[in-house]
Protein chains: 2
Amino acid sequence: MLFHIDFKTGKPAYLQLVDQVRYAAASGALRAGDSLPSIRPLAEELRVNRNTVAKAYAELESQGVIETIPGKGCFLKDGNTPFTKPVRQKLLLKEIDEAVVTAHHLQVDRSDFLALVKERLDYFESKKERP
Amino acid sequence: MLFHIDFKTGKPAYLQLVDQVRYAAASGALRAGDSLPSIRPLAEELRVNRNTVAKAYAELESQGVIETIPGKGCFLKDGNTPFTKPVRQKLLLKEIDEAVVTAHHLQVDRSDFLALVKERLDYFESKKERP
DNA sequence: GCAACTGTCATAGTGTCCTATGACAGACGA
DNA sequence: TCGTCTGTCATAGGACACTATGACAGTTGC
């Protein structure tokens with residue numbers, strides 16, 4: 001099974017699912033046009049309410065990650081964002097800054113940090129190439 | 001004024017303050033041993049309840065960022081974390097992965113992403129050197 | 001057309017997060 | 001010692017987030 005909910009973390013179930021779908025898309029486990037599991041069976045498998053899954057899918061649609069067609073299902077969109085390059089970079093900066101600040105408090109130095117970043121970029125890239 | 005609360009974002013006030021103190025520490029605006037603004041005056045300046053500031057400071061203390069001495073005040077700790085290097089790297093991976101996944105969905109490619117990371121690292125480093 | 005599937009919406013209950021008020025205890029200086 | 005500063009704790013109210021239930025609407029295949 002591709003997705004899993006951890007009820008011990010305190011993080012809302014629907015957000016866990018959102019993250020996992022985003023992760024699956026970024027790592028190539030899901031590709032543009034792929035259909036996502038439909039709401040009711042997935043809810044049953046994850047032991048959550050169907051509306052919890054529906055909320056996750058709604059959030060993903062608002063983020064432009066998936067497209068949902070009532071009566072048919074939900075599908076992964078191709079990655080075209082509606083934002084211009086400067087806007088996209090600005091959105092990214094927020095998350096990068098958080099990581100940089102955390103690195104400072106964890107006393108991870110520049111070279112270690114960069115090595116970690118490259119390692120993760122390589123990891124995602126390798127998974128996309130060999131699905 | 002060093003800190004500011006934006007009531008429009010929906011993000012809890014105390015978390016905004018936590019982020020700003022962490023940011024200030026990482027950028028060198030606050031240094032080890034510096035005393036933070038005391039709770040009541042800061043609360044008044046930020047137009048929040050004093051317990052909201054207290055909660056932020058409590059959170060920062062639990063993160064090991066500051067040290068609070070009842071009756072005296074709150075002070076920035078030196079950055080020694082209680083974690084071993086592998087543990088610290090693992091904690092960082094979570095945030096790095098989030099940024100990498102977001103970069104994928106925003107279609108920011110590897111070289112642009114790395115450039116942004118280096119730019120931010122440089123930025124924080126320069127601020128630490130010239131306070 | 002019917003049955004079984006898809007997602008959607010309105011509603012409600014439960015919990016918890018966030019904030020605020022008031023009273024308390026330690027530290028310091030006049 | 002007294003006043004005033006520091007942070008702390010207990011409590012409570014209000015808002016909102018999260019989840020759940022039930023009824024609804026579009027799509028597909030028999």
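We name chains A, B, ... by the order of the sequence lines, and we start the count at 1 in each one.
Rounded to whole angstrom, the span from the CD1 atom of Ile39(A) across to the C1' atom of dT19(D) amounts to 15 Å. Here the C1' atom of nucleotide dG7(C) and the CZ atom of Arg40(A) are 7 Å apart, to the nearest Å. The CG atom of Leu60(A) sits 12 Å away from the P atom of dT8(C) (whole-angstrom rounding). Per the geometry, CD belonging to Glu44(A) stands 13 Å off P belonging to dA20(D), to the nearest Å. The distance from atom CG of Leu42(A) to atom P of dC5(C) is 16 Å, rounded to the nearest whole Å.
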Polar pairs (N or O, both sides) under 3.5 Å between protein and nucleotides 2-4 of chain C?
none

Quick test: give all pairs of protein nitrogen or oxygen and nucleotides 27-30 of chain D nitrogen or oxygen below 3.5 Å, distance rounded to 0.1 Å.
unit_1: dT28(D); atom_1: OP1; unit_2: Lys72(A); atom_2: NZ; d: 3.1

Just the atom pairs and distances: protein N or O near nucleotides 19-21 of chain C's N or O, under 3.5 Å.
unit_1: dT19(C); atom_1: OP1; unit_2: Ala13(B); atom_2: N; d: 2.8
unit_1: dA20(C); atom_1: OP2; unit_2: Asn49(B); atom_2: N; d: 2.6
unit_1: dA20(C); atom_1: OP2; unit_2: Thr52(B); atom_2: OG1; d: 3.4
unit_1: dA20(C); atom_1: N6; unit_2: Asn51(B); atom_2: ND2; d: 3.2
unit_1: dT21(C); atom_1: OP2; unit_2: Asn49(B); atom_2: ND2; d: 3.4
unit_1: dT21(C); atom_1: O4; unit_2: Asn51(B); atom_2: ND2; d: 2.9

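Taking CG from Leu92(A) and CD from Glu95(A), the interatomic distance works out to 6.5 Å, rounded to the nearest 0.5 Å.
What you find for Leu76(A) and Ala25(A) is that their closest heavy atoms are CD2-CB, 3.9 Å. Considering all non-hydrogen atoms of both residues, Phe113(B) and Ala99(B) come closest at CE1-O, 3.8 Å. What you find for Ala29(B) and Asp34(B) is that their closest heavy atoms are O-OD2, 4.4 Å. Across all non-hydrogen atoms, the minimal contact from Gly33(A) to Phe75(A) is O-CD2, 3.8 Å. Across every non-hydrogen atom of Lys55(B) and Tyr14(B), the tightest pair is CG-CD1, 3.7 Å.
Look at Thr68(B) and you'll find a side-chain N or O under 4.0 angstrom from OP1 or OP2 of dT8(D). Taking 4.0 angstrom as the limit, Ser38(A) places a side-chain polar atom (N or O) nearer than this to OP1 or OP2 of dT6(C). Regarding contacts with the backbone of dT6(C), every side-chain N or O of Ser35(A) stays at 4.0 angstrom or more from both OP1 and OP2.
Inspection of the Gln20(A) and Gln16(A) side chains reveals no N or O donor paired with an N or O acceptor under 3.5 Å.
Tyr123(A) carries Arg120(A) over the face of its six-membered ring, with the cationic atom under 6.0 Å from the centre and within 45° of the normal.
At most 12 non-hydrogen atoms from other residues, nucleotides or ligands lie less than 6.0 angstrom from CD of Glu44(A).
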Practice prompt. I would like to know whether Glu98(B) and Arg22(A) meet side chain to side chain contact (heavy atoms under 4.5 Å, CB included); could you show each step before the answer?
Written response: CA-CA 9 Å; Glu98(B) 279 177 18; Arg22(A) 285 170 61 87; over 6 Å; no

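Between Tyr23(A) and Phe124(A), the distance separating the two ring centers is shorter than 6.0 angstrom.
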